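This report concerns only the one structure given below.
What you see is a predicted model, and the numbers here were worked out from it, not measured in a lab. Along the sequence shown, residues carry numbers from 1.
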Amino acid sequence: QVQVVESGGGLVQAGGSLRLSCVVSETIFSMRAMDWYRQAPGKQRAMVASINNAGSTNYADSVKGRFTISRDYAKNTVYLQMDSLKPEDTAVYYCNVKRGASQYWGKGTLVTVSS
């Protein structure tokens with residue numbers, strides 16, 4: 001029912017920046033939480049950043065001070081601003097949306113950071 005589409009990935013050098021976007025097909029006012037996860041080849045998926053319906057945010061220790069999650073209600077979009085990127089940030093980044101007891105995933109966008 002709910003469609004989630006990520007975009008904004010690409011190839012950047014270490015120290016560079018990218019902004020990822022997650023567009024949701026329904027109003028994000030109704031969402032309990034919106035999260036960004038990432039998964040590198042051969043590794044498990046891990047949460048990077050989250051924001052709940054009150055605007056509270058949480059970040060993985062590995063990205064604190066470098067990544068920022070935010071919302072735009074008018075555009076039904078959640079963003080992940082990534083600064084000071086490191087090679088270990090290389091992964092497919094996924095947007096996860098929680099509504100009621102359900103959750104929805106996008107197909108991911110690839111971020112590659114070269115050294």
Side-chain angles (χ1 to χ4, degrees):
Q1 296 183 24
V2 177
Q3 296 181 342
V4 179
V5 181
E6 305 98 333
S7 64
L11 174 64
V12 298
Q13 296 185 47
S17 298
L18 284 174
R19 188 180 73 165
L20 306 183
S21 298
C22 172
V23 179
V24 182
S25 64
E26 298 183 8
T27 175
I28 63 174
F29 280 111
S30 65
M31 308 303 174
R32 290 193 292 107
M34 303 182 73
D35 312 317
W36 285 97
Y37 288 71
R38 67 186 182 189
Q39 185 170 24
K43 295 187 176 181
Q44 64 182 4
R45 192 174 300 184
M47 191 177 73
V48 176
S50 67
I51 186 166
N52 68 13
N53 58 3
S56 297
T57 59
N58 284 297
Y59 299 93
D61 287 342
S62 59
V63 307
K64 285 182 178 178
R66 300 189 297 120
F67 290 11
T68 304
I69 187 170
S70 62
R71 301 173 296 190
D72 187 330
Y73 289 120
K75 296 181 178 179
N76 287 334
T77 300
V78 176
Y79 301 99
L80 184 67
Q81 178 67 43
M82 305 186 295
D83 298 319
S84 301
L85 284 162
K86 303 175 180 179
E88 53 262 44
D89 296 319
T90 296
V92 177
Y93 284 71
Y94 297 90
C95 184
N96 174 260
V97 177
K98 296 180 175 65
R99 186 184 69 173
S102 301
Q103 60 180 308
Y104 306 90
W105 293 92
K107 296 180 179 179
T109 184
L110 176 63
V111 172
T112 303
V113 184
S114 64
S115 60

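Closest approach of S84 and R66 over heavy atoms only: O-NH1, 3.0 Å. In this structure, D35 and I51 approach most closely via the heavy-atom pair OD1-N, 4.1 Å. For the pair A49 and L80, the tightest heavy-atom approach, listed with the atom from each and the gap, is CB-CD1, 4.0 Å. The two residues A14 and S115 make their nearest non-hydrogen contact at CB-CA, 4.4 Å.
The main-chain N or O of T90 is never found under 3.5 Å from a side-chain atom of T112 such that the two would form a donor-acceptor pair. In this structure, R99 contributes its side chain and I28 its backbone to no donor-acceptor pair below 3.5 Å. Without hydrogens or angle criteria, E6 side chain to K107 main chain gives a donor-acceptor distance under 3.5 Å. The main-chain N or O of V2 is never found under 3.5 Å from a side-chain atom of E26 such that the two would form a donor-acceptor pair. Distance alone, capped at 3.5 Å, places no donor-acceptor pair between the Q81 side chain and the R19 backbone.
Residues Y94 and Y59 do not share a hydrophobic cluster, defined by chaining ILVMFWY side chains whose heavy atoms lie under 4.5 Å apart. Placement of V48 and Y104 within a single hydrophobic cluster is found when ILVMFWY residues are connected by side-chain heavy-atom separations under 4.5 Å, directly or transitively. Connection of Y79 to M47 is not established within any shared hydrophobic cluster, with ILVMFWY side chains joined at heavy-atom distances below 4.5 Å, either directly or through further cluster members.
Contact annotation: the side chain of Q13 never approaches that of V113 to less than 4.5 Å [non-hydrogen atoms, C-beta and beyond]. Residues V4 and C22 meet the side-chain proximity criterion, which asks for heavy atoms closer than 4.5 Å. The closest side-chain heavy-atom distance from W36 to S50 is not below 4.5 Å. Under the 4.5 Å side-chain criterion, counting only non-hydrogen atoms from C-beta, D89 is not in contact with V111.
Geometrically, R38 does not engage Y93 in a cation-pi contact, judged by NZ or CZ lying under 6.0 Å from the ring centre and within 45° of the ring axis.
With a 6.0 Å radius and a threshold of 12 heavy atoms from other residues, nucleotides or ligands, Q3 has its CD atom at or below the threshold.
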Take M34 and V24 through the side chain to side chain contact (heavy atoms under 4.5 Å, CB included) test and state the conclusion after the steps. CA-CA 10 Å; M34 303 182 73; V24 182; 3.5 Å; yes
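Partner of F67 under the side-chain contact (heavy atoms from CB on, under 4.5 Å) criterion, out of D83, L20, L85, T57: L85 alone.
The line from CD of Q103 to CZ of R32 is 8.5 Å long, rounded to the nearest 0.5 Å.
Checked for salt-bridge contact, K64 and D61 meet the test: a charged N lies under 4.0 Å from a carboxylate O.
If you look at F29 and Y73, their ring centroids are closer than 6.0 Å. Remark: aromatic rings of Y37 and W105 are close, center separation under 6.0 Å.
Remark: the D72 side chain and the T77 side chain contain no N/O donor-acceptor pair separated by less than 3.5 Å.
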